[in-house]
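Structure first, commentary second.
This one's a predicted model, so the numbers in the text were calculated from it and none came from an experiment. Side chains included, hydrogens not; waters and symmetry mates left out as well; all remaining heavy atoms used. Below, chains carry the letters A, B, ... as their sequence lines are ordered, and counting in each starts from 1.
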Amino acid sequence: MSYRHNDSGRLIDRSQTLTFTFDGKTFTGHPGDTLASALLAGDRMLVGRSFKYHRPRGIVASGVEEPNALVNMGHGNRMEPNQRATTTELFDGLTAVSQNRWPTLDSDIGAMNAAIARFLPAGFYYKTFLWPRAFWKNVYEPFIRQSAGLGRAPTEADPDSYEHFHVHTDVLVVGGGVAGLAAAKAAAATGLKVLVLEQTHYWGGRTPVDGGKIDGMPAQEWIDATVAELEAMRNVTLRTRTMGAGVYDHGYALGYERLTDHAPDAEGPRHRLWRIRARQIVTATGAIERPLAFAGNDVPGVMLASAMRDYLVNWGVVPGQRIVVATNNDDGYRTAIVLKKAGLDVLRILDAREAGGGALMQEARDLGLRIDCGRGIGKVSGGKRVKKVQICVTTGTGGAMEALDCDAVAMAGGWSPVVHLWSHCGGKLVWDDAQAHFRPDPAKAPTGADGLPFVTTAGSASGPMALGSVLQDGAAAGTRAAKAAGGKGRAPKVPVAEDVEEAAMLPVWQMPARAEYRLKSKSWLDFQNDVKVSDVELAAREGFESVEHTKRYTTLGMATDQGKLSNINGLAVLAGALQKPIPQVGTTTFRPPYTPISIGAIGGSARGDIFQPVRMTPMHAWHDVHGADWEPVGQWRRPYAYPQQGEKVEEAVQREVTNTRDNVGLLDASTLGKILVRGPDAGRFLDMLYTNMMSTLKVGRCRYGLMCSENGFLIDDGVVARVGEDAWLCHTTTGGADRIHAHMEEWLQTEWWDWKVHVANLTEQYAQIAVVGPKARQLLESLGGMDLSAETLPFMAWADGELGGIGVRVYRISFSGELSFEIAVRAGQGLALWEKLVEAGKAFGVMPYGTEALHIMRAEKGFIMIGDETDGTVIPQDLGLDWAISKKKTDYLGKRAQERSHMTDPTRWKLVGLETEDGSVLPDGAYAVGRGKNANGQLVTQGRVTSSYHSPTLGRGIAMGLVLHGPDRMGEVLEFPGTDDKVYRAKIVNPVFFDPEGAKQNV
Amino acid sequence: MQRFTCPFCGLRDEREFSFAGESGKTRPDTAAEVSDADWSAYLFTGTNPRGRTDEIWVHTPCQEYFRMIRDTVTMEVLETVPLRRDPS
């Protein structure tokens, strides 16, 4: 059993007891416990099930590398899946539930998968695509869907708050172990600003567990003194519970602070994302121990040797009473010694090395421990708990020499530096043969804006593992970083520690070396994703040579621990199978964040109402009061319709169209882009920008124009008014204003820099109101102030004047086919004019209308809409807009591209109108199918619907679409299969459905 | 996140900038005959060099287009140069 052993446990406060539940059962722990240590103290060794085979899994590590102990925390709107028990600080009332099991953790139906494991090899998922076809739908897919995903997603909105914190510092130190503290101290001595982040709630890292003396005092004393010294310095900021999550270009870094995870009732934000800009970054991120790959290394009770040491020293917890230690290096002996000194029964130390170790081995032997050299573990037996270990010769095939009954196994496979942050931004690695790990190559550091290195590693993150060299390296890194950041002054004295001499380690990637398949297929590499030695070897046999491909094929390192535990083991197995040296196989890419961070922290305070700024027209509040159903259009909100009491939105739309066609309607058109183009070369410039001629437009007149990209595709349209001899006002679509303004600036600044033109985006300077319908003129005349007769202000003319005492500019343009005036006023007077029009309009039956009525009316007239009829692949010629393309001009943007063979291909789909035979509404986006099938066995398509509405004017569905040879096929009926399994039949017709002569607008 | 110096506004975060094109690309004279090959080279072909690059970027908030010389391997920003010239 695992239990709280003795009165040790440097991190816990035994005077207080906390209560929590796991799978509904009540447990207790102490302040300072992690959920993992408290579960172990309560003899809860089995904490989860593996993803694929549902193998019983226990806690294997004590930190961020833990792959098994993932739990569902909390409930209701605070429920969160996949929380790592080893990094979850215990609090009173914590509730946790195990994952990936049904009905319970102890009796899990999914464990059947283990019985069919040989049918679920590496790449199983990809292989299901191969054959037989029918199996995918009926067998594989239901199976994979049902088992996909670990944990359950919460269904309620997160009630907690999050925030961002922006900070600049000279030196950022990531990691508050002894190396980080030594680095911070050295850097701070120069007076520079230093920020130190530590992911746990305590300083000093694992040194107090591993032991040793620094500057003659016990490690903990030195740590306390150093932290006190740093805290007293005004140029130093220290933060615990804050992980260095990522390093990015030019000294940018992210920190992830967990403020209330350990105290959920505390006030304030739950997480804080630190957005840091540092001149220099020191990564003192430590090292992580590797497991050993032997059969049954995933049985609950098998643990990293360092983790077993941590649980005992930090929390006074042990995973068993009869323990076997397997190691390939001297550090494993530290665990055996600590256990033995605590009075536990260490049955055997199995040292893979024939020659054994150095001074630590001697110490263990002096304590009376039995050590077998050249021996390893052939197999661990036990289901939910270690029962027995078979001992074998390390170099053999796994034949058992002896079996030991035991209840826990410590495995020590050597240490790998945490190189993630170094690598995030391009730092390169070098293979260290002596320690069998990748470590940062100081000659190939990430470089910053000045081309010089801006990241330096400190302590065991650099490679050295012995305390003395760690301190030395840490201090040197701090001094180096400070100097590079411009710090001056003498570095403080380097802290010293005496190191025990250690014998060389022996790389062991499979234990025993010549293990049979039955053992390799039970030797785990990636615990969470169930990747074993045999899977990586299978991938190699199947031709996966690149480590990146093998990773994706086998899912090695793709679990939530992202390969922290055993990626090196996997790379080494792959290298062995490919018979290549490990450095030649290389590593997969390290990407931020170092461990998962909450989506809430990334979003910060940008949620709900302040997710992004909303642009409002001067009449926005009026619309809101009058029941507008809002539609987001870019950053604007526009009324989609104004439903009245008891009216559905779609009913309101139909009423608004009818009222506008019969009486008069008001549209808030303020969001349309208004760009002033001015200067001696403005006409010439607009002739290049638009497909038709704008330079010949007379002052006082308007012209509809199309704009294309240099690729020939239609990007925007709108009415251009010539407002002066050298000035034009270009209207753009609502979404196009900023984009088209930028497009103009780009051409003026980069290509035609010597043309005398300037442009100004005046969109928000004016409110614009469309007064539309047969009674529009009467309504405006009732306000009085200017002559709006057809003689004075003909169609496509504009005039300045006054209406109801307000200065206005009236454009007589129409996007509805009705008699229509668009009235621009200074933004500050937009609401006043709108209210005057509403008031005066009562006599004429005025009603506001929204964007959907606007869309229907334009479709009834066959007017195109950018974004409906266009999608970035459509040219004006496709839309029958040849009339708006000047034949006289030698050039405009898009002209040359429109002459390319693909653009002049007669089989390009062209715009037509579509009328269903039964008057129903065609599904928007539906495709017209033809006879026969294409090379993929799909029905041949010959057109698609681009806009589709119910027209109240015509009393039936109308649509526009792009159809193969469409304009030549008038009257032909096409079939459009819908997603509702119905086939819609529609006739090809002229896209102008209503008033083709334009009689209504020319009055 | 990189930092670039807008010639107009000064040092700003990368997210305020957009790439606009490679420097030195001139629009072919469309008054003359432009072959399909030349046109597609102008439209689509970039040199995309590894190392030192010479590019046009825009600082979105102020709309200033400028030339930037930087190194895509070391991330070094060597120079930003305004395009503004006196047209007269």
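Looking at A:Asp738, neither its backbone nor its side chain comes within 4.5 Å of chain B, counting heavy atoms on both sides. In this structure, no portion of A:Phe454 lies under 4.5 Å from any heavy atom of chain B. In this structure, no portion of B:Phe66 lies under 4.5 Å from any heavy atom of chain A. Residue contact with chain A, scored on non-hydrogen atoms closer than 4.5 Å, involves the backbone of B:Ser35 exclusively. Looking at B:Ala20, the atoms closer than 4.5 Å to chain A (heavy atoms on both sides) sit in the backbone and in the side chain alike. Contacts of B:Thr26 with chain A are made by both backbone and side-chain atoms, with heavy-atom separations under 4.5 Å. Of the two parts of B:Asp36, the backbone and the side chain both hold a non-hydrogen atom closer than 4.5 Å to a non-hydrogen atom of chain A. Residue contact with chain B, scored on non-hydrogen atoms closer than 4.5 Å, involves the backbone and the side chain of A:Glu745 alike. Neither the backbone nor the side chain of A:Ala253 has a heavy atom closer than 4.5 Å to any heavy atom of chain B. The parts of A:Leu893 that come within reach of chain B are both its backbone and its side chain, each placing non-hydrogen atoms under 4.5 angstrom from that chain. Contact of B:Val58 with chain A is not made at all, since no heavy-atom distance falls under 4.5 Å.
A:Arg277 and B:Gln2 make their closest contact through NH2-O, 4.0 Å (heavy atoms, listed as atom of the first residue, atom of the second, distance). Of all heavy-atom pairs spanning A:Tyr248 and B:Met1, the tightest one is CB-N, 3.2 Å.
Using a 3.5 Å distance cut-off with no hydrogens or angles, the side chains of B:Tyr42 and A:Glu710 do pair a donor with an acceptor.
From A:Asp891, atom CG reaches atom CG of B:Asp29 across 8.5 Å, with rounding to the nearest 0.5 Å. Atom CD1 of B:Ile56 is separated from atom CD of A:Gln749 by 10.0 Å, given to the nearest 0.5 angstrom. From B:Arg27, atom CZ reaches atom CZ of A:Arg896 across 11.0 Å, with rounding to the nearest 0.5 Å. Note that CG of A:Leu452 and CD of B:Glu76 are 7.0 Å apart. Values are rounded to the nearest 0.5 Å. Rounding to the nearest 0.5 Å gives a distance of 11.0 Å between NE2 of A:His250 and CG of B:Asp13.
Between A:Asn711 and B:Phe44 the shortest side-chain heavy-atom distance falls below 4.5 Å. Looking at heavy atoms from C-beta onward, B:Trp39 lies out of side-chain contact with A:Glu899 at the 4.5 angstrom threshold.
Within a 6.0 Å radius of CZ in A:Arg678, no more than 12 heavy atoms belonging to other residues, nucleotides or ligands are found. Enclosure of atom NZ in A:Lys887 by more than 12 non-hydrogen atoms of other residues, nucleotides or ligands within 6.0 angstrom is indicated. Within 6.0 Å of CZ on B:Arg84 lie more than 12 heavy atoms contributed by other residues, nucleotides or ligands. Around NZ of A:Lys895, the count of heavy atoms belonging to other residues, nucleotides or ligands within 6.0 Å exceeds 12. For A:Gln612, the CD atom is densely surrounded, since the number of other residues' heavy atoms within 6.0 Å is greater than 12.
When each of B:Glu14, B:Arg70, B:Arg15, B:Arg67 is checked for heavy-atom pairs under 4.5 Å with chain A, B:Arg15 comes out on top.
Checking side-chain atoms of B:Thr74 against main-chain N and O of A:Gly451 turns up no donor-acceptor pair under 3.5 Å.
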